[in-house]
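Notes to accompany the following structure.
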Amino acid sequence: MNSNETRTLLDEFRSFDKGGYLDLGHPLLNRIAESFVKAAGIGAIHAVTREAYFTTIDGTKVNNGGLPPEITGSKKHRFPDLKGETNRKSLEALVKNTGKESLQWGLAAGMYSGLTYGLKEARGTHDWKNSAVAGAITGVALALTSEDSSHEQIVQSAITGAAVSTAANLLSGIF
């Protein structure tokens with residue numbers, strides 16, 4: 001019996017941290033694909049749990065309990081075809097919209113990860129400037145995927161992406 005046959009599931013999970021679970025032949029491709037898969041999974045979980053929460057609140061007819069109107073108003077559901085019913089249309093809408101949101105999360109993470117890697121390779125260093133540029137470009141890409149993106153929204157997303165990624169880079173050295 002060789003060492004591959006005696007590995008446990010825990011050993012498999014530990015190996016993810018060492019080299020990743022995808023090997024596409026180039027570190028840039030591996031990094032983009034792994035970031036995409038991880039973030040897409042998180043996006044799907046986020047979309048489903050958010051909708052489950054709002055469906056539960058609607059089903060119990062609970063008083064809003066002091067929640068702000070933007071949460072309790074008519075736009076609280078990101079999935080407009082879902083009505084809290086157990087019909088086929090609602091299930092199809094949930095699957096379709098969860099897929100769309102997970103794709104957006106995955107694309108954003110893959111794009112950001114690929115940009116930071118590429119900038120690190122091109123400039124020879126990884127610093128806050130790489131994070132700022134990658135965050136700004138990723139913010140623009142996310143703004144462009146929304147249904148009604150305006151010039152102001154695109155600029156705001158670029159600034160927010162740059163600020164958040166720069167702050168994360170700077171704070172990672174402190175903590």
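Heavy-atom basis, side chains included; hydrogens, waters and symmetry copies ignored. Only a predicted model underlies this, so the values are computations on that prediction, with no experimental measurement involved. One is the number of the first residue; the rest follow in order along the sequence.
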Does the side chain of [Y] come within less than 4.5 Å of [X]'s, by heavy atoms?
{"X": "V140", "Y": "I137", "result": "no"}
{"X": "E101", "Y": "E51", "result": "no"}
{"X": "Y117", "Y": "P27", "result": "yes"}
{"X": "K100", "Y": "T145", "result": "no"}

* Asked: Is L142 reachable from L107 through a run of hydrophobic residues whose side-chain heavy atoms are each under 4.5 Å from the next?
  -> no
* Asked: Does M111 belong to the same Ile/Leu/Val/Met/Phe/Trp/Tyr cluster as V133, with side-chain heavy atoms less than 4.5 Å apart forming each link?
  -> yes
Taking all heavy atoms of [X] and all of [Y], pick out the closest pair and write down the distance.
{"X": "T138", "Y": "A108", "value": "CG2-O, 3.5 Å"}
{"X": "S165", "Y": "Y112", "value": "CB-OH, 3.4 Å"}
{"X": "S131", "Y": "N169", "value": "OG-ND2, 3.1 Å"}
{"X": "L94", "Y": "V48", "value": "CD1-CG2, 4.5 Å"}
{"X": "A40", "Y": "S102", "value": "O-CB, 3.1 Å"}
{"X": "T166", "Y": "A132", "value": "OG1-CB, 3.2 Å"}

Straight-line distance of [X] [atom1] to [Y] [atom2], nearest 0.5 Å:
{"X": "I45", "Y": "R50", "atom1": "CD1", "atom2": "CZ", "answer": "13.0 Å"}
{"X": "Q153", "Y": "D148", "atom1": "CD", "atom2": "CG", "answer": "6.0 Å"}
{"X": "S113", "Y": "K38", "atom1": "OG", "atom2": "NZ", "answer": "9.0 Å"}
{"X": "Q156", "Y": "S149", "atom1": "CD", "atom2": "OG", "answer": "12.0 Å"}
{"X": "L115", "Y": "I32", "atom1": "CG", "atom2": "CD1", "answer": "8.0 Å"}
{"X": "N130", "Y": "D127", "atom1": "CG", "atom2": "CG", "answer": "5.0 Å"}

* Ignoring hydrogens and geometry, is there a side-chain-to-backbone donor-acceptor pair from S146 to A143 under 3.5 Å? ->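 A pair under 3.5 Å: yes.
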